[in-house]
Chemist: 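The structure that follows is given in the form of structure tokens.
Treat the numbers as computed from the prediction; the structure is a model and nothing was measured. Throughout, a chain's letter reflects where its sequence line sits, starting with A, and its residues are numbered from 1.
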Amino acid sequence: MSKNKSKKKISRRKFLKGTGAAFAVATAAPALEAQRPANGSASAVADASVPRTTIRVVINGAERRIEVEDRWTLVELLRDHLQLTGTKIGCDRGECGACTVLLDGKPVYSCSNLAVWADGRSVQTVEGLAEDGRLDPLQRSFIEHDGPQCGFCTSGQLMAAKGLLTRNPRPTADDVRAGLTGNLCRCSNYNRYVEAVLAAAKGGAR
Amino acid sequence: MRRQTNAPVKPLKTIGHPTPRIDAVARVTGKAAYSGDVRLPGMLYARVLRSPHPHARIRRIDLSRALALPGVKAILTHENCKVVWGAGGISGGLQYNDEIKKITKHRRYAFNNPVRFVGDPVAAVAAVNRHVAEEALRLIEVDYEVLGFVLEPEEALKPGAVQIWPEGNLSPTAQNQLQPQQTRRGNVEEGFRTADLVFEDRYSTAFVHNAQMEPRVCLASWDADKLTLYTPTQGISNCRSDTARDLGIPEAKVQIVCQYMGGGFGNKNQNQDADLITAMLAKEAGAPVKLELSRKEDFIGVHGRWPTVQYYKVGVSRDGVLKAIQLRGYSGMGPYRKNSGSIGGIDLYQCPNIERVVYPVYTNKTVSGNFRGPEYPQGFYGIESMMDDVAYKLKMDPVDFILKNMTRKSNDEVPYTNYSLEECMRRGAEAFEWKKRWRPQPGSDPGPIKRGAGVSFMAFRSALGRSNAEIRLDAKGQYTVFVGVTDVGPGAKTTMAMIASEALGVPLSKVQVVWGDTDRCPYSVGESGSRTTIQTGQAVIEAAEALKRQIAEKGSPKGQNTLAGSASPNPSLEGKVRAAFGAHFVEVEVDTELGRVRVLKYVTVHDSGRIINPLTATSQIKGGATMGIGMALHEDLLYDRRNGQPLTAGFYGARILTHRDAPEIEVIFIESDDGYGPYGAKSIGESSKVPAVAAVANAVFNAIGRRMKDLPITRDKILGALA
Amino acid sequence: MKTFANSNARDLQQAVTLVQQTHKDGKAASFVGGGSDLLGLVKERIVSPDMLVNLKTIKGLDQVTQTAGGVNIGGLITLDTLTRNPVIRRDYAVLAEAAETVATPQIRNVGTLAGNVNQRPWCWYFRNGFPCFKNGGNTCFSFGGENQFHAIFGGGPSYIVHPSDTAVALVALEAKFRIVGPSGERLLPAADFFALPQQNPARENVLGPEEVLAEVQLPSARPATRSTYHKIMDREAWTHAVVSAAIVLEMEKDVCRNARIVLGGVAPIPWRLPEVERMLAGQRITETLAAKAAETALEGAKPLAKNGYKVPLTKGVVRRTLLGLAGRA
């Protein structure tokens, strides 16, 4: 990685991801050697020099064969390219849990996993919870116990809960809190989520 | 339409029964379309380049390499976009209306020069995908002249401090007067002279970010000269009028759509610069544009609760009656005055002599703005800690001190429509077992693990006001309620449906709600200030009345016909003051060796008038109280003083509470119907956050015998106090 | 994100060769296990690899195998699998407990042992892209700045604290690390893997850029050994250690034959306490001795302007954890 010296004290400031580095004057841009010159095309098709891989992945029970850019996160694949927008991005840094999906049955942050790494594996999102239009007992319980307030963390809480109950069908309240501790809720509806998961478990949810 | 008041309240047909949210299925199946979920054909992606300096003049921006990047469709900077963001910061934190436009000196543009905080937008790029947009930002070359900066309000007011605006760092009033906010009653100097004892102390509170789960996003699309914005907003009507004003186009040419939003707690009111930037990019690029803020950008580029420093002087008689209260306060607003900067709390107390002088001060930090009870959690923490301390010094039980001095009339003058503070305090103390858990001698538990209890109380505005609603009836007997709500979380859609069901006298299943679209829904006050139930709810009742009159007159509709009733009431309180009341009781356990605080028991008592939906109302109280624990113990935005850089932006840095941090919050409602508001409903959304911080802080004092005067009460401060 | 290619490795040799080749071509490459930490750094542009060599696709690198000399743990084992392994839980509890405190279930389901040991620091200056030692610069911003969470031992010229919980446990267990690289394999005591900033402030360990931590080898658990990991967090979960302690005691009735004590959250490396260990050897661990051990543990501590609280805090952690572990039936 090229390093640039500059006379200004805070010259190499990379302070906000996605906003780039605001350098003082004239700094080299990293890794753009492969860029082609500008053309007037309005096409949204990505540059051919971006590495791609074809993967096979089972998503909500259906096997899919998809070409992905190597740099796509799993959540990017789900939301932008498969139109499964039930999974949310709260931080894109593995710090909030809104993007939780089940990967081979285990809760993971889909923002912190690459799409290519899902090759040969199975992914379950919130859209895959209901079976034949029948809500999962967790979903029903969330409704009854006022699980969603603003609802943005709800998909993640559901998937984490699903993963928890699969492994531990009879959790205590402490188990639920531990199992869902990777899911923030700023509305701070925590009491309700714990209630809801315990009720679903009691009702025999798995 | 006054009804009788203060008789015990019983559930009605629909109202008062726990009711699941009418949109819950969409939320739990992932079908609810939040703004970021919406996609339009040909949509471009945007990213914003932000100032890396706390204060700098932009000498030159070179876009050439960025523009040459394939896939880049439009770039905006202060050079080609001069849009003023009225709601982003105007003198006095008021609406940027025509009058203010003429006189305000401190305009906040979508792109400012000079830039005045780390995160101030410098440029925005629209490109074919977000990866190209990010790359383009890195190719933008900006030549900054770095300027001096100031971070703390008291520093900023000292002579010789870096001037953020030419008139200095005290933020002017809406009339451009360089004066602090001032409230006086009686004569404090006289009060101190006649008091038996006078106490003084200083308290400080930190910047606390709203940290709502849904990051700021906006999707803008033009159809000829009509703009549609898919944006998370707490008030579609306000967002529309602000956007129309800022872009200089007629309101009828702006459509705001928000069907679901992921929280906001006050930072999604009005419009945001993200909306304007996205709209202008879409215009420039000739295609729909979606701007997504990263979590760090949301922390730094939107706003959070203003940090404060509060100096109190309190005079009391020997038997604990307040004689005089004086507050001199400083609020750090960031470099733009987005909201009031006020510090509430003095009017919690009966006292013949009060003086409140609050300086909203410009700083080169992230902008401060409204967050759930904007001026109250920080002010209540300050004054209720101060009074708690006074109680102990007088060897009084804090509950007794509160009962002796709490407000009984608004500003000691105007009667409340009804009054329940005494009951809140007594019922709470009983349910909590105050006498058992409170230690008359703070810090007296033997051993390193010490327990203690704290109390706080609150009164919160529940005024009436304007809003609109329309209800239509079709031939199948289906009622459709049109209201401009978006549901920031409390469940406004369900509340409106329940009110309509009750007012119409039909089951809830016959009522559907159309929301969140300015093309379809009438004006609503917007979900801020805990006003939607009161104001829009009243409009729903009166629209129902209007519709019932129609039905009586014309009979039920047949075939393709519909009947409609609409209302735009603006009721008055007839000279009274209306408030929600509450009290919080908290027990904590402090491990004084490890500096760890755990909340063991938390009892809340709230009078929010009649509770429309006990299911969602209880969730609101639990949520607000839990947020208060976070503000008391953890949340802050640290800056490096040497270079003005924010260090802890984000969920991890702010230590947002997790499942394991959240105790069980017990909720007791004291219901009443004071004859005003829809079925007597009062405000609730902000009620539980405002007293929470004070209660937790007072509990910590009772446990360890050390008054923690600087929020957040983190481990290092506890261990330092006990050293 | 900046674009990169992902290559799924077949075996360790091939993975190493691929990284070597990428470097020879003048490009940057990273090995990746779970990827949670790496992706975060890539998104922030702290590191910008052109090639990610995915080790998850190598079979057999994630096993727990009992051997004559102890237990071998493949570096690619997930933290979740590690915490649930009955042998680890029974005989090396400190490691299971440490792994269990890491982050959240979602991260433990993909995060690997090797990845956790190699995790980069969570210093806010480093993670916010300041031009510090760790980012290729020549200063440490925490010194004279906001250093509430930084080092009280071993600091200088960088004052980070090592972020890994498993690292602390592994040093306490006297584990060995089997490292695979271009020049073959080497076996290193865990304590020698981590390096003080005096050696090279840009790095936290001696792992070469083309090397992989392939395996952790634990010596046989001696009879009557008990161990535990005590982690202090600012929030009840999902936070790095403010201070932590990994303690392994070999007890004979109520006498401590042998003690190993390592601290986390206080130094740029897992901080072993040999003097305290000597003090405890052959002794009954009484309240008095535990208090004395705690005092001794903090001798030589050099707090910075804002992290002085770590001194009494660490004393409390050492004293309590020692007493609690020794007092177990």
Chemist: Considering non-hydrogen atoms only, spot the tightest contact between E146(C) and L638(B) and give its length.
Modeler: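 Of all heavy-atom pairs spanning E146(C) and L638(B), the closest is OE1-CD2, 4.0 Å.
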Chemist: What's the verdict on side-chain contact (heavy atoms from CB on, under 4.5 Å) for T239(C) and R655(B), showing C-alpha distance, side-chain angles and the deciding distance?
Modeler: CA-CA 8 Å; T239(C) 316; R655(B) 303 288 192 260; 3.6 Å; yes
Chemist: Quick one: what part of F126(C) sits under 4.5 Å from any heavy atom of chain B, side chain, backbone, both or neither?
Modeler: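 Neither the backbone nor the side chain of F126(C) comes within 4.5 Å of chain B.
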Chemist: Which heavy-atom pair separates E134(B) from M1(C) by the least distance, and what is that distance?
Modeler: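 Taking every non-hydrogen atom into account, OE1-N, 3.3 Å.
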Chemist: With chain C as the partner, which of L719(B), L647(B), D716(B) has the greatest number of non-hydrogen pairs under 4.5 Å?
Modeler: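 Most heavy-atom pairs within the cutoff with chain C belong to L647(B).
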Chemist: Please examine the side chains of L313(C) and R715(B), heavy atoms only from C-beta on, and report whether any two atoms are closer than 4.5 Å.
Modeler: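 Yes - at least one pair of side-chain heavy atoms lies under 4.5 Å apart.
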Chemist: Are D234(C) and T714(B) packed together at the side-chain level, in the sense that at least one heavy-atom pair is separated by less than 4.5 angstrom?
Modeler: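 The answer is no; the side chains never approach within 4.5 Å.
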Chemist: What are the two closest heavy atoms between H634(B) and R235(C), and how far apart are they?
Modeler: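 Heavy atoms of H634(B) and R235(C) come nearest at CE1-N, 3.8 Å.
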Chemist: I need the residue from I656(B), T648(B), I718(B) with the largest number of non-hydrogen atom pairs under 4.5 Å to chain C.
Modeler: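 Sorted descending by pairs with chain C, the first entry is I656(B).
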Chemist: Could you check if a side-chain atom of R660(B) sits within less than 4.5 angstrom of a side-chain atom of M233(C), using non-hydrogen atoms only?
Modeler: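 R660(B) vs M233(C): side chains apart.
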Chemist: Given side chains that start at C-beta, do those of K296(B) and N128(C) come closer than 4.5 Å, heavy atoms only?
Modeler: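 In short, these two side chains touch, coming nearer than 4.5 Å.
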Chemist: Should the heavy atoms of other residues, nucleotides or ligands under 6.0 Å from NZ of K292(C) be counted, would the total exceed 12?
Modeler: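 At most 12 heavy atoms, drawn from other residues, nucleotides or ligands, come within 6.0 Å of this atom.
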Chemist: Please identify, among L722(B), L657(B), D591(B), L633(B), the residue contributing the most non-hydrogen atom pairs under 4.5 Å to chain C.
Modeler: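 That would be D591(B).
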Chemist: What heavy-atom pair brings K2(C) and E135(B) nearest, and what distance separates the two atoms?
Modeler: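 Heavy atoms only, the tightest pair is CA-OE2, 3.8 Å.
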Chemist: Would R642(B) pass as a cation-pi partner of F130(C), given that its NZ or CZ must be under 6.0 Å from the six-membered ring centre and within 45 degrees of the axis?
Modeler: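 No, R642(B) does not sit over the ring of F130(C).
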Chemist: Under the side chain to side chain donor-acceptor pair (under 3.5 Å) test against E236(C), which residue among R596(B), H659(B), R598(B) passes?
Modeler: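 Running side chain to side chain donor-acceptor pair (under 3.5 Å) over R596(B), H659(B), R598(B) with E236(C) returns exactly one hit, R596(B).
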Chemist: P448(B) versus R320(C): any side-chain heavy-atom pair under 4.5 Å?
Modeler: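 Touching, per the 4.5 Å side-chain cut-off.
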Chemist: Tell me whether the rings of Y652(B) and W122(C) are parallel (<30°), tilted (30 to 60°) or perpendicular (>60°).
Modeler: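 Tilted, since the angle between the ring planes falls between 30° and 60°.
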